[in-house]
Amino acid sequence: MNNWQEEFACSYNDTEALSHFLDKPINKTDFPVFIPRALACKIKELGPESALWKQFIPKELEDASYVQKDGLYDPIGDGVKKATKQIIHRYQNRVLFLPTSNCPVTCRFCFRKNEIANNDKIFSSEFNETLYYLNNAKEVNEIIFSGGDSFILSDKKLYSYLLAFSKIPHIKFIRFHTKTVTTLPSRITPKFVNILKDASKLFKRVNIVLHINHIEELYQESRSAIGNLQETGIELLSQTVLLNGINDDKGTLFDLFEQLNNLNIRPYYLHHPDKVKGAMHFYLPESRGQQIYKDLRRLLPGWALPQYVIDSSDGSGKKAVL
Ligand SMILES: *Cc1c(COP(=O)(O)O)cnc(C)c1O
Ligand code: SF4
């Protein structure tokens, strides 16, 4: 395929085609399916027991949990803290900016799975509202691109957001939270890398936080995309969601954090899973997470270990689990 947009557009987005490709029956579920082809090939290669398969291929358990009382539609209280349509302002000096509800992939465990199923609207008036809000919020010094996933935006759109933010004098830091690098690595083009490099000069500091849950996400193409990003001089961090049946043991997480450190990516957060309606089969009790984290403390030095945090459902934010 010629470019990442084409690959993105050709992603598997219905259960039947995906089922046919994987040669396995797949349940139709309420939360849509969306998987880029190159990633789908990896998933097929690694098979149903793999962490990749479990993260992205739908299961009947998803819909079953809608019938049960378990799980929340808005598990971290995003709705409570919305300052504008695109801004979540939970902590005094930093905001989440949500420029898109599109993602490179649909993760079955997503904490926003009950929000992002809807498509994007055109958002120029929304962005004016966002700029107005940020210009007046003088206590805010950091904008965190979240979503959806901002790396799915076109080069032009992303750069124009960054340029607009660079004109707000009190904005010093930019952060991206993204899963694109490991799910649609072709998106990390030389041009995109240059845009990020230019953008990093407009601010005091730019950080990129990669969402990576398992070592299987570090395959040849994603590793090379990571290498290209590192040429910008931007610091790479990682966040990992602890997930039942995927990475909930010390060996798996040790391998992941060790590998991330080898790639010069600093493990930043280990998130306790949220109680997401439709994803409760990924949930595990805090006591189990605490035991795993205690074991990891013995295996890894402090600088190689992420902070283990949990989000409160009332929108009050992250708290250390241990
Ligand atoms: C996690 C989060 C942030 C970022 O928090 P840091 O502690 O700076 O990593 C900001 N806003 C919201 C709403 C968050 O959930
Ligand atoms: S990339 Fe992030 S926001 Fe998008 S589906 Fe996955 S976890 Fe959810």
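Atoms within a ligand are numbered from 1 in the order they appear, just like the ligands themselves.
Nearest protein neighbour of atom 12 (C) of ligand 1, counting heavy atoms only, is Leu96 CG, 3.6 Å. Arg90 NH1, 2.9 Å is the protein heavy atom nearest to atom 13 (C) of ligand 1.
Ligand 1 has a nitrogen or oxygen under 3.5 angstrom from a nitrogen or oxygen of Arg94. An N or O contact shorter than 3.5 Å links Tyr269 to ligand 1 by distance.
Residue side and main chain included, Cys103 places no N/O/S atom under 2.8 Å of atom 8 (Fe) of ligand 2.
In summary, the aromatic rings of Phe203 and Phe165 are positioned with their centroids too far apart to meet the 6.0 Å limit. Here the two rings, on His272 and Tyr283, have centers that are under 6.0 Å apart. For an aromatic pair to be called close, the ring centres must be under 6.0 Å apart, and Phe282 with Phe111 fails this.
Within ligand 2, the atoms closer than 4.0 Å to a non-hydrogen atom of Lys179 are 1 (S), numbered from 1 in the order shown. Within ligand 2, the atoms closer than 4.0 Å to a non-hydrogen atom of Val105 are 5 (S), numbered from 1 in the order shown. Applying the 4.0 Å criterion to heavy atoms of Tyr268 picks out, from ligand 1, the atoms 6 (P), 7 (O), 8 (O), 9 (O). The contact set between ligand 2 and His211, taken as ligand atoms under 4.0 Å from a residue heavy atom, comprises 7 (S). Contact atoms of ligand 1 toward Arg175: 4 (C), 6 (P), 8 (O), 9 (O) (distance under 4.0 Å to a heavy atom of the residue).
Crowding of Glu16 atom CD: a count of heavy atoms from other residues, nucleotides or ligands under 6.0 Å not exceeding 12.
The aromatic rings of Phe145 and Phe176 sit tilted, their planes meeting at an angle between 30° and 60°. Between Phe97 and Phe127, the ring planes lie tilted relative to each other; the angle falls in the 30° to 60° range.
Under a 4.0 angstrom heavy-atom cut-off, His89 registers as lying outside contact with ligand 1.
The minimum heavy-atom distance between Arg175 and Glu142, with the atom names listed, is NE-OE2, 2.9 Å.
Under the side-chain hydrogen bond (donor to acceptor under 3.5 Å, both in side chains) test applied with Thr29, the options Arg108, Lys59, Glu60 reduce to a single match, Arg108.
Using a 4.0 Å cut-off between heavy atoms, Ile144 contacts ligand 1 through its side chain alone, with no backbone atom that close.
In this comparison of Gln307, His177, Lys318, the heavy atom closest to atom 1 (C) of ligand 1 sits on Lys318.
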